[in-house]
Amino acid sequence: MTALADRAAIAERAIRDRHLRRVWGLPGTVLGRSGWPPSAGQRVHWHWNYWWQAHLLDTLVDAQLRDPSPDRLKLIDRFVVSVRLRNFGKWINDYYDDIAWLGLALQRVGHLGLDVRGGLEAISSRLREGWTDDAGGGIWWRVGDDFKNAPANGPAAIFHAREGAAEHARGLTGWMTERLVDPDSGLVWDGLRVGSGELVKHIFTYCQGVYLGACLELSEMDRVERTIHAVAEHVAPNGVIRGQEGGDGGLFAGILARYLALAASQAPSGIARELVIRSADACWSGATETPHGPLFSADWATPAPSLPLAADAPERDLSVQVSAWMLLEAAATLDPRI
């Protein structure tokens, strides 16, 4: 069997070959095309998926930690510059979840020795502006909205915990625990419409991942273990994290895998590690070969389609491919042979 680190390296090469291109043809720039084979708009980065790029950057950092390379470090530096360029000179937008994800990636980029302080300061300030006492606390999903949800509060809590603002992180995590955790299943609901008081009880793997990550940063290990068990029981049939189609949903399973892998070293049950490894095995075995390397399925429990891809195939989406690569990088951190 291919070593887990080798799988991650192969996934990296495939996704870099298929998706990484200059922005508007400008030298020294690089971002991920949002689709492959790309449409005309995707060729010139007309489609701007800010938070997909944040996860692509974060996964490039995973690869750099797995196999340090001066060339990849330069690529990461160019990528950071390109994100700000494509965002028209700004680090932030109106979606608190988006900017929290970029903030998490930039924190890790900073640990590689690159100067990203301007971005981190802008993101930290904007995230703090999102907190209000409406519905007991927490931050909004986006500026001017009436919705507070796990996809915004979870990554923001992780970000603030990692910047040393543990009490603020605890407030965000506590709000999720009080408002969004199903007391029966232990699963995390999507969010709360503050004006009406309506709980949006959709179950997304994404929400389980960010809540798990926030609890982990704050060493709330009872909640970590309960969430892991809830994931295993409800959203990972036969031990494989379920997919949630393409588009934004393409990233959801990979996000959960990232935080399960981080939890695996601290959670005594061993379930988190088993979920990541079993999902990685399924993802790898179900890939379709292309001239640029493996193409991964949007649902790791089922094989990816053969080429040529249908126009609406979710496997075309950068989100789906980055999610699989993220999973394989997460699994590589658990490989005892490396």
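L199 and Y206 fall within the same hydrophobic cluster, defined by Ile, Leu, Val, Met, Phe, Trp and Tyr side-chain heavy atoms under 4.5 Å apart, directly or through other members. Cluster membership check: W91 does not share its hydrophobic cluster with Y95, using side-chain heavy-atom separations under 4.5 Å among Ile, Leu, Val, Met, Phe, Trp and Tyr. Hydrophobic clustering (side-chain heavy atoms under 4.5 Å, transitive across Ile, Leu, Val, Met, Phe, Trp, Tyr) keeps L295 apart from W300. Residues V81 and W24 do not share a hydrophobic cluster, clusters being chains of Ile/Leu/Val/Met/Phe/Trp/Tyr side chains in contact below 4.5 Å. The hydrophobic clustering, which links ILVMFWY residues whose side-chain heavy atoms are closer than 4.5 Å, places V188 and W141 apart.
Of the options I228, I158, L216, a side chain to side chain contact (heavy atoms under 4.5 Å, CB included) to Y259 is made by I158 and by none of the others. Partner of L187 under the side chain to side chain contact (heavy atoms under 4.5 Å, CB included) criterion, out of E233, K201, R226, Q208: Q208 alone. Each of L318, V30, I15 was scored for a side chain to side chain contact (heavy atoms under 4.5 Å, CB included) with L20, with one residue passing: V30. Tested against V143, the residues D94, I92, N93 include a single side chain to side chain contact (heavy atoms under 4.5 Å, CB included) partner, D94.
Across L328 and A11, no two heavy atoms sit closer than the pair CD1-CB, 3.8 Å. A pairwise comparison of heavy atoms in A324 and C283 identifies CB-SG, 3.7 Å as the closest pair. The two residues I123 and I99 have their closest heavy-atom pair at CG2-O, 3.3 Å. Taking every heavy atom of both residues into account, A301 and V240 meet most closely at N-CG1, 4.0 Å. Listed here is the closest heavy atom pair of D67 and R72: O-NH1, 2.7 Å. The heavy-atom pair separating T173 from A214 by the smallest distance is OG1-CB, 3.5 Å.
Counting heavy atoms of neighbouring residues, nucleotides and ligands inside a 6.0 Å radius, atom CD of E245 does not exceed 12 of them.
In this structure, R316 fails the cation-pi test against W36, since its NZ or CZ atom is not both closer than 6.0 Å to the six-membered ring centre and inside 45 degrees of the ring normal.
A salt bridge links R128 with E163: at least one charged nitrogen is closer than 4.0 Å to a carboxylate oxygen. Between R258 and D62 a salt bridge is recorded (basic side-chain N to carboxylate O distance below 4.0 Å). With respect to E12 and R16, a salt bridge is recorded, a charged nitrogen being found less than 4.0 Å from a carboxylate O. With respect to R33 and D317, no salt bridge is recorded, no charged nitrogen being found less than 4.0 Å from a carboxylate O.
At least one donor-acceptor pair closer than 3.5 Å links the side chain of R179 to the backbone N or O of A135. In this structure, T29 contributes its side chain and L26 its backbone to a donor-acceptor pair below 3.5 Å. No donor-acceptor pair under 3.5 Å is formed between the side chain of D133 and the backbone N or O of G136. In terms of modelled atom types and a separation under 3.5 Å, the side chain of S279 and the main chain of I241 share a donor-acceptor contact. Panel note: side chain R273, backbone S269; no donor-acceptor pair is recorded below 3.5 Å. Remark: the backbone N or O of G195 is paired with a side-chain donor or acceptor of D146 at under 3.5 angstrom. The backbone N or O of A282 sits less than 3.5 Å from a side-chain atom of S285, completing a donor-acceptor pair. Put simply, the side chain of N153 never gets that close to the backbone of G138: no donor and acceptor are under 3.5 Å apart. Not a single donor-acceptor pair under 3.5 Å links the side chain of N87 to the backbone N or O of G89. A donor-acceptor distance shorter than 3.5 angstrom exists from the side chain of D115 to the backbone of R117, with no hydrogens or angles considered.
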Applying side chain to side chain contact (heavy atoms under 4.5 Å, CB included) to W140 and V194, what does each step give before you reach the verdict?
CA-CA 10 Å; W140 302 104; V194 173; 3.5 Å; yes

Side chain to side chain contact (heavy atoms under 4.5 Å, CB included) between H45 and R22, worked out:
CA-CA 9 Å; H45 299 283; R22 290 179 176 181; 6.0 Å; no

The test is side chain to side chain contact (heavy atoms under 4.5 Å, CB included); show your working for L4 and L334 and say whether it passes.
CA-CA 8 Å; L4 296 176; L334 306 178; 5.5 Å; no

Side chain to side chain contact (heavy atoms under 4.5 Å, CB included), that's the test. Do L256 and F252 meet it? Break it down for me.
CA-CA 7 Å; L256 175 54; F252 290 5; over 6 Å; no

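Separating the CD atom in Q244 from the OG atom in S323 is a distance of 10.0 Å, to the nearest 0.5 Å. Atom CG of residue L327 and atom CG of residue L260 lie 10.0 Å apart, to the nearest 0.5 angstrom. Annotation: the span from S297 atom OG to Q321 atom CD amounts to 9.0 Å, rounded to 0.5 Å.
In this model, a donor atom of one side chain and an acceptor atom of the other lie less than 3.5 Å apart for T177 and Y211. K74 and S69 are not linked by any side-chain donor-acceptor pair at a separation below 3.5 angstrom, with hydrogens and angles left out of the test. If you check the side chains of T59 and E329, you find no donor sitting under 3.5 Å from an acceptor. Side-chain atoms of W101 and D58 form no donor-acceptor pair, as typed in the model, at a separation below 3.5 Å. Counted by atom type alone, D248 and W51 present one or more donor-acceptor pairs between their side chains at under 3.5 Å. A donor atom on one side chain and an acceptor atom on the other are not found under 3.5 Å apart for Q42 and W46.
Taking 4.5 Å as the limit, some side-chain heavy atom of L127 sits within range of a side-chain heavy atom of Y96.
Ring planes of W131 and H168: tilted class, angle from 30 to 60°. Under the 30°/60° scheme for interplanar angles, the aromatic rings of H202 and F204 are found to be tilted.
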